[in-house]
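Heads up: numbering here begins at 1 and tracks the sequence.
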Amino acid sequence: MSPVEVPLLIVGGGIGGLATALAAARRGLPAHVLEQSPEFGEIGAGLQLGPNASRALDALGVLDDVLPLAVRPGAGVLRDAVSGRLLTRLDLGRAFRDRYGYPYLVMHRGDLLDVLLAHCRAADGITLEAGREVVSSRVRSDGADVTCADGTTYRTRTLLAADGLRSGLRRHLSDDEPVCGGYAAYRGTAPRGEDAGDDVVLWIGPGVHLVRYPVRAGALVNQVAVFRSPRFHAGEAGWGGVDELDAAFAGTCEPVRDAVARVGRDRFWAMYDREPLDTWVTGRLALLGDAAHPMLQYLGQGACQALEDAVELGRVLPSGDLEAFQRARLPKAVRCQTSARPWGELWHTADPLLTAVRDRMFALRADDDHSELDWLYAGPGGPGPA
């Protein structure tokens, strides 16, 4: 069987892969996307999109379709999970939007994927195939070949890996494995109660945290309960069960316990990342999104960084300079990876002295002090209107 020739092949049809196809199409470049699952879809529920992600969605031409499906929270609120006491508040209103030029959004992951998918299907030059599992690949200085489980081979000038945390194409650059942090996350959506506002509310405590915010244009609330598993850290099998979930949150305040009682309990997600890579490019292959820089969730930047990758790839693909993509994106994405781990440790500390210092630090900051977020949210020109 002769190879199918495509100029740009993207493996992975999630948020990063579809966004990259759109970025290429906006530059007049045809793109072919392969997705392993039987259909294009997104696992999970809630998604936080900082203004860097909103900016990327605008560059992709999809922000106007995203906004009606999202919620613009008024603030990010941080509370102690045990006492319920307010620790600090981050104003996400007008001053925040003026500083970064774009809003902070929360929405359902599936809603974002549906918007990206609709734009891909409507775009000239984008072709999509689901049910295509890549089983082997070869990367050269002038192109790449990938072969799927059914024997179909694709030959391409440029191969982009958007195949997630367990990327098979990452093997061309590293033989590393995902790193499990020993935390389990139970998550899901529920009908929004009368007491639920528009804020993103985060409760943190020893070995636990709970985050809650509205999705589906405010019709539902997304809840994620995360805890450190003693069984995992003791090397035991069968870790992360509901009994550990309830035990971990037993000492928290009533609002947290009530929320945990209503969180989805049919399955949990183990929390993984990987060590940063020195390079995402080899030959005509480039990694993006979680294939390149999987990170723990504490900065809320997994999907955001994938969207930034997509926009930058759109800039460099006409010239074919994948190294330029890496130079532009690797430092920030790696900083997100390496910042997320200690940030999570700070949330979950059980050390009384460290907790006191942390809480004092939070208490001293003003609600409208956004300066420490500039590296994450500001555009190329720095803080200020886009």
Side-chain angles (χ1 to χ4, degrees), residues 10 12-27 29 31 33 40-42 44-73 76 92-93 96-123 126 128 160 162 198 200 213-218 222 288-290 292-293 295 297 299-317 325 328-329 332-333 336 373 376-381 383-386:
I10 301 169
I15 289 171
L18 294 183
T20 302
L22 277 177
R26 288 178 65 83
R27 300 286 175 144
L29 303 176
V33 182
F40 289 85
E42 187 68 24
L47 183 65
Q48 299 188 55
L49 299 170
N52 56 320
S54 299
R55 185 181 301 110
L57 292 170
D58 194 21
L60 295 170
V62 303
L63 182 60
D64 287 346
D65 289 337
V66 166
L67 290 175
L69 306 174
V71 175
R72 302 187 190 195
L92 299 175
F96 180 88
R97 293 192 297 271
D98 288 347
R99 186 178 186 91
Y100 300 119
Y102 286 90
Y104 197 105
L105 304 174
V106 289
M107 67 184 305
H108 198 286
R109 296 182 71 92
D111 290 345
L112 176 58
L113 192 91
D114 287 347
V115 169
L116 293 172
L117 186 59
H119 278 260
C120 283
R121 286 174 170 157
I126 297 179
L128 307 169
L160 301 179
D198 287 340
V200 176
Y213 54 83
V215 296
R216 290 268 153 92
N222 180 67
L288 68 115
D290 281 351
H293 44 73
M295 59 193 67
Q297 76 274 32
L299 297 181
Q301 280 291 305
C304 303
Q305 292 302 299
L307 290 168
E308 287 197 52
D309 287 348
V311 172
E312 187 60 35
L313 281 164
R315 294 192 182 103
V316 306
L317 283 171
F325 158 68
R329 289 289 305 129
K332 181 177 180 180
C336 287
L373 299 171
L376 189 57
Y377 294 150

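- In this structure, the side chain of Arg121 does not engage the main chain of Leu128 through any donor-acceptor pair within 3.5 Å.
- In this structure, the side chains of Leu373 and Arg99 stay at 4.5 Å or more apart for every pair of heavy atoms.
- In this structure, Leu112 and Leu57 have side chains that are in contact, with non-hydrogen atoms separated by less than 4.5 Å.
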Steps toward side-chain hydrogen bond (donor to acceptor under 3.5 Å, both in side chains) verdict (Tyr213, Asn222): CA-CA 5 Å; Tyr213 54 83; Asn222 180 67; 3.3 Å; yes
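- The OH atom of Tyr377 lies 5.5 Å from the CZ atom of Phe96; values are rounded to the nearest 0.5 Å.
- When every heavy atom of Gly16 is checked against every heavy atom of Ala306, the shortest pair comes out as CA-CB, 4.1 Å.
- Between Gln305 and Asn52 the shortest side-chain heavy-atom distance falls below 4.5 Å.
- A salt bridge between Asp111 and Arg216 is present, with a side-chain N of the basic residue lying under 4.0 Å from a carboxylate O of the acidic one.
- In this structure, the separation between CG on Leu60 and CZ on Arg26 is 7.0 Å, given to the nearest 0.5 Å.
- Contact of the Leu18 side chain with the Ile126 side chain is not registered, since no non-hydrogen atoms from C-beta on lie closer than 4.5 Å.
- In terms of heavy-atom proximity, Arg97 sits nearest to Leu92 at NH1-O, 3.7 Å.
- Val215 approaches Gly46 most closely through the heavy-atom pair CG1-CA, 4.2 Å.
- Looking only at side-chain heavy atoms (C-beta outward), Asp309 and Thr20 stay at 4.5 Å or farther from each other.
- Counting heavy atoms from C-beta outward, Tyr100 and Arg55 have side chains that approach closer than 4.5 Å.
- For the residue pair Val71 and Ala217, the shortest heavy atom distance occurs at CG2-C, 3.7 Å.
- Residues Leu63 and Ser54 come closest through the heavy atom pair CD2-O, 3.8 Å.
- Considering only heavy atoms from C-beta on, His108 stays 4.5 Å or farther from Leu47 through its side chain.
- Under the 3.5 Å distance criterion, the side-chain polar atoms of Tyr102 are left unmatched by any main-chain donor or acceptor of Gly50.
- Side-chain contact check for Gln48 versus Gln301: every heavy-atom pair is 4.5 Å or farther apart.
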Intermediate values then yes/no, side-chain contact (heavy atoms from CB on, under 4.5 Å), Ile15 and Arg109: CA-CA 9 Å; Ile15 289 171; Arg109 296 182 71 92; 4.0 Å; yes
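- Closest approach of Cys336 to Leu376, counting heavy atoms only: SG-CD1, 3.7 Å.
- The distance from the CG atom of Leu22 to the CG atom of Leu117 is 9.5 Å, given to the nearest 0.5 Å.
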